[in-house]
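Notes for the one structure printed next.
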Amino acid sequence: MNKNIVVIEGDGIGPEVTRQSLKVLNAVSDKFNHEFEYRYCLMGADAIDKTGNPLPDETIEACLNSDAILFGAIGHPKYDNDPSAKVRPEQGLLKLRRSLQLFANIRPVSTYPSLHHLSPLKNKNLEDVDFIIFRELTGGIYFGKKELSEDGEQATDECIYTKAEIERVAHLAFQTALKPGRRKKLTLVDKANVLETSRLWRKTVQQVSKQYSGVKVDFMFVDNAAMQIIQNPRQFDVILTENMFGDIISDEASVLSGSLGMLPSASVGTGTTLFEPIHGSYPQAAGKDIANPLGSILSAAMMLEYLGMPKEANVVREAVNWTLENSFVTKDLDPVNFYFTSTIGELITDYVNGKIPASVKKENIELRKSTII
Ligand code: IPM
Ligand code: MN
C-alpha cells in the first residue's frame, strides 16, 4: 500500500520518540512491501519559534491531504510558567483537533505481566486489565468561551455540549464495545449530580443505548471513577466521557500500565486520523535519549491498524511485548537497569525486520545500558 503520512515531531521528547516510530514504520514498509511517504510539519512551541504561529496553515493543509498523522508531543516550560503568554503551544494542538474535527480520542489501557512488579499498585489489581477510554475531544470546557475580567479578579471557562456532539462519540464507543474481544460493557463517566452538561450526557447516552441492546451500560460519577480505576480497574471495558474528565482519568489510568510513557492514542473524526502518545513533552528528559518511546510506537501500531494493516500492527505489538518480557525498558520503568530510547527503537525495528527471532532471550544480547545518567 502507498500512504502519505504527516509527521509532527513537536516539542520536548516528541522528536526523539517519534523517530523511533519512524524506524519501526520503515521496517514495516520494507518487510511488507509498502510505501510510506512522510511529510514533516510544524506545530507547538517549535512552530512558534520558527513561524510565530503554533499551527501554521501549511500544517492544517498537509494534514487534510494525508492518510494519517503521527504526532509526538506539545508544550514548553517557558509558556507553562508564564500565565499571561498570548500565544501558547497547546493552542496548536487544540486548533488542529478542531480543524480536523477529531471528536473522539481513543485511549486503550492494558497491563503487562512483566511490568507488574514495577507498579505502585497491588499485582492482583493489575491482572486482566483491558479497557478503552473514549474521550470526547472537540467540545466542553476546553473549547468554551474564556474570559478574564478587566480588573483580572475573575475568570470564566464555559462548558457547552450539544446532543449531537455527545451522540457521535457515543456511537463510536458503543460500536467498539460490541467488537470481537470486547466485553460489551460501557461505562459513562460524568458528574451528573452537579453539572447540567453531565445530565445531558446521561440522557443522550441512555437514548443512544437503545440502539445497542447487546451492550450493558452503567453510569459512574467521575470522582468515584477516579477511585475505581485504581481499586478495581478490571471492571471496565469501554469508558465514555467528556473532554476534561477523559484527559484526567487517562493520565491516571496510565499508572496501571506502568508508566505514562506507554499509552498510545488515536484521535478520529470526519477525515484524517491523528495518532499520538498520551504523554506530554517531558522537557526535563528532552534530548537525553531516556524517554519511553513505546507510547509513540504503539500509536504507530494503532495507525497501521486504522490504515488497514492489522498484520503489520500485530508484528509491532509483538515486538513491543518481546522487549518488555526481556526487561528491555527505559528509565521510567526501571530507574536502575534501563536502556536508551534509541536502543529500544532499534530492538523493536530489528524484531520487526526478523533480525531477532522471538526465541532469543535477553542473556544472548549485549547492549548499551546505563545505570547512571
Ligand atoms: C492530552 C494533552 C493535551 C490535552 C494538552 C497538551 C492540550 O494533555 O492530549 O491529553 O489536554 O488534551
Ligand atoms: Mn492529557
Side-chain angles (χ1 to χ4, degrees), residues 8-15 17-18 42-48 53-55 59 63 69-83 85-109 132-144 146 157 159 161 165 169 189 222 225-226 229 239-257 259-269 273-286 291-292 294-296 298-299 302-303 332:
I8 305 176
E9 293 186 331
D11 306 325
I13 58 167
V17 296
T18 307
L42 298 176
M43 184 165 80
D46 182 36
I48 299 175
N53 182 349
L55 182 66
T59 300
C63 289
I69 306 155
L70 184 66
F71 166 57
I74 207 158
H76 193 286
K78 76 179 169 208
Y79 301 95
D80 298 342
N81 301 333
D82 176 10
K86 285 276 173 295
V87 187
R88 318 185 65 83
E90 291 80 3
Q91 289 163 346
L93 179 58
L94 297 179
K95 187 171 168 201
L96 187 66
R97 288 174 177 168
R98 229 357 206 229
S99 309
L100 300 179
Q101 277 298 300
L102 302 172
F103 61 82
N105 184 223
I106 304 169
R107 300 183 161 183
V109 180
I132 306 184
I133 300 173
F134 274 74
R135 166 189 176 195
E136 199 291 327
L137 202 61
T138 48
I141 198 165
Y142 271 60
F143 291 94
K146 301 185 186 313
D157 289 290
C159 181
Y161 267 111
E165 283 174 321
V169 64
V189 169
V222 62
I229 283 173
I239 291 181
L240 170 63
T241 191
E242 61 99 73
N243 201 344
M244 170 102 122
F245 297 157
D247 179 45
I248 298 168
I249 64 167
S250 56
D251 268 34
E252 185 196 9
S254 76
V255 175
L256 304 170
S257 306
S259 162
L260 184 59
M262 305 273 297
L263 253 58
S265 85
S267 300
V268 312
T273 301
L274 177 143
F275 300 85
E276 56 168 318
I278 82 156
H279 62 66
S281 59
Y282 191 15
Q284 306 86 321
N292 191 334
L294 296 187
S296 178
L298 291 169
S299 299
M302 282 182 95
M303 180 170 96
D332 51 324

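Every value quoted in this text rests on a predicted model; they were computed, and no experiment measured them. Remember, it's 1-based here, ligands and their atoms both numbered in the order they're listed.
Side-chain atoms of Tyr142 and Asp157 form no donor-acceptor pair, as typed in the model, at a separation below 3.5 Å.
Around the Mn ion (ligand 2), protein N, O or S atoms at less than 2.8 Å number 1.
When hydrogens are left out, the protein atom nearest atom 7 (C) of ligand 1 is Glu90 CG, 3.8 Å; that is the closest non-hydrogen contact. Closest to atom 11 (O) of ligand 1, if we only count protein heavy atoms, is Tyr142 OH, 2.5 Å.
Ligand-side atoms of ligand 1 in range of Arg107: 1 (C), 9 (O), 10 (O), range being under 4.0 angstrom from any heavy atom. Heavy-atom contacts of Ile74 reach the following atoms of ligand 1: 6 (C) (cutoff under 4.0 Å). Taking every non-hydrogen atom of Asp247 and a distance limit under 4.0 Å, the qualifying atoms of ligand 1 come out as 1 (C), 4 (C), 8 (O), 10 (O), 11 (O). Below 4.0 Å from some heavy atom of Arg97 lie the following atoms of ligand 1, by number and element: 1 (C), 4 (C), 9 (O), 12 (O).
When every heavy atom of Ile106 is checked against every heavy atom of Met302, the shortest pair comes out as O-CE, 4.0 Å.
For the pair Arg135 and Phe245, the NZ or CZ position fails the cation-pi test of under 6.0 Å to the six-membered ring centre and within 45 degrees of the ring normal.
Annotation: side-chain hydrogen bond (donor to acceptor under 3.5 Å, both in side chains) contacts of Ser254 (sequence neighbours excluded): none. Every residue two or more places apart in sequence or in another chain was checked for a side-chain hydrogen bond (donor to acceptor under 3.5 Å, both in side chains) with Glu90, and none qualifies. Here Ile248 pairs with Met244 under the side-chain contact (heavy atoms from CB on, under 4.5 Å) rule; sequence neighbours left out.
For the atom pair CD1 (Ile48) and NE2 (His76), the distance works out to 10.0 Å, reported to the nearest 0.5 Å. Separating the CD atom in Glu165 from the OG1 atom in Thr138 is a distance of 6.0 Å, to the nearest 0.5 Å. Phe71 contributes atom CZ, which lies 10.5 Å from atom OG of Ser299 (distance to the nearest 0.5 angstrom).
His279 does not count as a contact of ligand 1, since none of its heavy atoms falls under 4.0 Å from the ligand. At least one heavy atom of Arg135 lies less than 4.0 angstrom from ligand 1.
Checked by atom type and distance alone, the side chain of Asp11 pairs as donor or acceptor with a backbone atom of Ala45 at under 3.5 Å.
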